[in-house]
Trainee: 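Can you keep this structure in mind? I'll have questions shortly.
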Amino acid sequence: MSKLLKKITIIKPDDWHVHLRDNEILKKISQYTGKFYKRAIIMPNLDQPITNCLKSMSYRRRILNSMKPNTTFKPLMICYLTKKTSPEELKQGFAKKIFVGAKLYPKCSTTNSKNGIKHIKEIYHLLKIMENIKMPLLIHGEETDPNIDIYDREAKFIENTLIPLRKHFPELKIILEHVTTEEAISYIKESNSSYLAGTITPHHLMLNRNNMFSNGIQPYLYCLPLLKRKKHQIALRNAISSGSKHFFLGSDSAPHFHQNKINNFGCAGIFNAPSSLLCYVSIFEEINALKYFQSFCSENGPNFYNMPINKETITLVKKPHKILKKINIGNNVIIPFLAGKKLDWSIES
Ligand code: DOR
Ligand code: ZN
């Protein structure tokens, strides 16, 4: 008797946090996001950040042009907040659906964040407007004070910045992105608020900080926020296996050229777009939580952002899939997460 192939069909997911970059990188990598996801929130931290409507519209066009013809993929654009952001631009951009939200990068917290925010109060006037017009705020939640241990930056951000900010703007919709700690999970769960949610990456679910230092230092596992202790990885896994509506998919796929990863000042970022959904399904299966796979991938996000749930579906099959080893871009290469390794799941062809 032939053994039945294990399959799972879900509503086509959205990726609520991805870096597609620009120019030749964009052209080579956007297809991977387009294959798995119907919509994606495109991070605005380009070398020249997306700080106004004009830049955003033109970037959106470049993204669509980079996709396969007849794509139905929808990029969702975000405004990069600076202390100079024009309130009018923010209002108009949201009203005209050019922006679906705005992003707070604490200054010098990560890639291309030098134009970010030094003191949160610099943008309280913008946050007030966002609260009024119901425009979501996406947050890279790490304190940047060099005196704070790098492993504590997320927890300290919650304590020092996020809690006061939420007291001040109780009806501001906030997404704490790529949460990595037990503290973030508990804070979101205990808040139990329709104004607060978190995204979780596949790499923070699969790995912990030991993996970054096994067999030598592994630059390809360097991302921000850093991978944390195992107990935090377990807290993230428990969050998704609890079926909580406050968490959803955000891959944080963030490609960098090999030469910029392997460098005296190597860049932070894990390029997981070619396998992100397959990684998520493997984790949900491993922790016996497949019954919540669809809500995490395809329902909790649109419900939080007040957007329709997709109509298309996608089928994944339990069949080995080998992740590509590299992507050549001119004289450069980009190495994906888990390059050359095998996963148990593939997309149905
Ligand atoms: O690891 C990361 N890479 N974390 C971020 O917050 C930004 C991203 C990037 O843009 O490279
Ligand atoms: Zn990111």
Side-chain angles (χ1 to χ4, degrees), residues 14-23 25-26 29-30 32-33 37 40-51 59 63 75-81 100-117 136-144 150-151 153-154 157 174-181 184 197-209 211-212 217-228 248-263 265-273 276 279 301 329 332 334-337:
D14 305 301
D15 186 346
W16 299 95
H17 180 134
V18 68
H19 301 263
L20 291 185
R21 311 299 193 210
D22 209 348
N23 306 319
I25 299 188
L26 170 66
I29 66 153
S30 63
Y32 299 104
T33 297
Y37 303 104
I41 283 208
I42 314 299
M43 285 297 125
N45 64 331
L46 302 184
D47 297 343
Q48 301 295 321
I50 302 301
T51 47
Y59 183 35
I63 293 170
L76 305 172
M77 309 307 288
I78 296 293
C79 180
Y80 182 121
L81 292 173
V100 305
K103 171 107 185 197
L104 162 63
Y105 284 102
K107 192 178 173 70
C108 300
S109 53
T110 187
T111 308
N112 292 334
S113 58
K114 67 176 186 298
N115 298 304
I117 305 303
L137 174 69
L138 294 80
I139 300 186
H140 181 109
E142 289 195 286
E143 242 11 45
T144 53
I150 193 157
Y151 285 101
R153 287 183 183 180
E154 185 173 278
F157 180 87
I174 293 176
I175 304 95
L176 191 56
E177 303 206 278
H178 41 55
V179 290
T180 62
T181 55
T199 59
I200 307 183
T201 77
H203 40 280
H204 290 102
L205 286 165
M206 285 178 108
L207 304 170
N208 61 64
R209 69 189 197 182
N211 298 104
M212 221 177 114
I217 191 159
Q218 301 213 21
Y220 273 97
L221 300 184
Y222 172 51
C223 61
L224 287 168
L226 288 171
L227 296 170
K228 302 293 192 313
F248 44 86
L249 188 159
S251 70
D252 199 10
S253 178
H256 290 278
F257 284 138
H258 181 71
Q259 65 186 48
N260 296 331
K261 290 286 295 173
I262 312 302
N263 190 309
F265 293 91
C267 292
I270 292 182
F271 172 53
N272 62 29
S276 55
C279 292
I329 300 182
N332 293 301
I334 289 180
I335 313 277
F337 182 48

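Read the numbers this way: they start at 1 and go in the same order the structure lists the ligands and their atoms.
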Trainee: Do S113 and H140 come close enough that some side-chain heavy atom pair is under 4.5 Å?
Mentor: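 Side-chain contact under 4.5 Å: no.
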
Trainee: Could you check atom 9 (C) of ligand 1 against the protein and tell me its nearest heavy-atom contact, residue, atom and distance included?
Mentor: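 Result: T111 OG1, 3.1 Å.
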
Trainee: Test of understanding: given a 4.0 Å heavy-atom threshold, classify the contact between R21 and ligand 1 as side chain, backbone, both, or neither.
Mentor: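 For R21, the contact with ligand 1 is made by the side chain alone.
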
Trainee: Relative to the Zn ion (ligand 2), which of the N, O or S atoms in D252 is the closest?
Mentor: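 Minimum-distance N/O/S atom of D252 relative to the Zn ion (ligand 2) is OD1.
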
Trainee: Measure up the H203 and F337 rings against each other and bin them: parallel (under 30°), tilted (30 to 60°), perpendicular (over 60°).
Mentor: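 Answer is perpendicular, since the angle exceeds 60°.
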
Trainee: Number the atoms of ligand 1 from 1 as they appear, then name those within less than 4.0 Å of a heavy atom of C223, with their elements.
Mentor: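 Matching atoms, with element in brackets: 1 (O).
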
Trainee: Check E154 with K228, please: is the shortest side-chain N to carboxylate O separation under 4.0 Å?
Mentor: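 Looking at E154 together with K228, the answer is no, because their closest N to O distance does not fall below 4.0 Å.
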
Trainee: If we check side chain to side chain contact (heavy atoms under 4.5 Å, CB included) with I270, which of these qualifies: P336, S251, C223?
Mentor: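 Of P336, S251, C223, side chain to side chain contact (heavy atoms under 4.5 Å, CB included) with I270 is met by C223 alone.
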
Trainee: Does the residue E142 have a heavy-atom contact with ligand 1, meaning some pair of atoms that are separated by less than 4.0 Å?
Mentor: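 No; E142 lies far enough from ligand 1 that no heavy-atom distance drops under 4.0 Å.
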
Trainee: Does I270 approach ligand 1 within less than 4.0 angstrom via side chain, backbone, both or neither, non-hydrogen atoms only?
Mentor: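 The answer is neither; I270 stays 4.0 Å or more away.
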
Trainee: Do T180 and L227 have side-chain heavy atoms sitting under 4.5 Å apart?
Mentor: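 No; the side chains remain at least 4.5 Å from each other.
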
Trainee: Decide yes or no for D47 and N112: does some side-chain heavy atom of the first lie under 4.5 Å from some side-chain heavy atom of the second?
Mentor: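 Yes, side chains in contact.
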
Trainee: Do I25 and F257 have side chains that get closer than 4.5 Å, going by heavy atoms?
Mentor: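 A side-chain contact exists here, since the closest heavy-atom pair is under 4.5 Å.
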
Trainee: Is any side-chain heavy atom of F157 closer than 4.5 Å to a side-chain heavy atom of E143?
Mentor: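 Contact flag for F157/E143 side chains = yes.
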
Trainee: Looking at H140, which atoms of ligand 1 are within less than 4.0 Å of one of its heavy atoms?
Mentor: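 Atoms satisfying the 4.0 Å criterion: 6 (O).
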
Trainee: Can you tell me which N/O/S atom of H17 has the shortest distance to the Zn ion (ligand 2)?
Mentor: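 The closest N, O or S atom of H17 to the Zn ion (ligand 2) is NE2.
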
Trainee: Below 3.5 Å, N or O to N or O, backbone or side chain included: is there any such pair between Y222 and ligand 1?
Mentor: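 So ligand 1 has no N or O lying under 3.5 Å from an N or O of Y222.
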
Trainee: Would you say the side chains of N332 and H258 form a donor-acceptor pair under 3.5 Å?
Mentor: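 Checked: N332/H258 side chains show no N/O donor-acceptor pair below 3.5 Å.
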
Trainee: Would L224 count as a polar contact of ligand 1, with the cut-off being nitrogen or oxygen pairs under 3.5 Å?
Mentor: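 Such a contact does occur with ligand 1.
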
Trainee: Please determine whether E177 has a backbone or side-chain N, O or S atom lying under 2.8 Å from the Zn ion (ligand 2).
Mentor: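 E177 does not place any N, O or S atom closer than 2.8 Å to the Zn ion (ligand 2).
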
Trainee: Which part of M43 is near ligand 1, with near meaning a heavy atom under 4.0 Å away: side chain, backbone, both or neither?
Mentor: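 Neither; no heavy atom under 4.0 Å.
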
Trainee: May I ask you to identify, for A268, whether its side chain, its backbone, both or neither come under 4.0 Å of ligand 1 on a heavy-atom basis?
Mentor: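 The answer is both.
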
Trainee: To check your reading of the model: name the closest protein heavy atom to atom 5 (C) of ligand 1, its residue, and the distance in Å.
Mentor: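 Of the protein heavy atoms, T110 OG1, 2.9 Å lies nearest.
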
Trainee: Return yes when at least one N/O/S atom of H19 is nearer than 2.8 Å to the Zn ion (ligand 2), and no when none is.
Mentor: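 Yes, H19 qualifies, because one of its backbone or side-chain N, O or S atoms lies under 2.8 Å.
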
Trainee: Should L138 and L104 count as side-chain neighbours, where that means a heavy-atom distance under 4.5 Å?
Mentor: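 No, every pair of side-chain atoms sits at 4.5 Å or beyond.
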
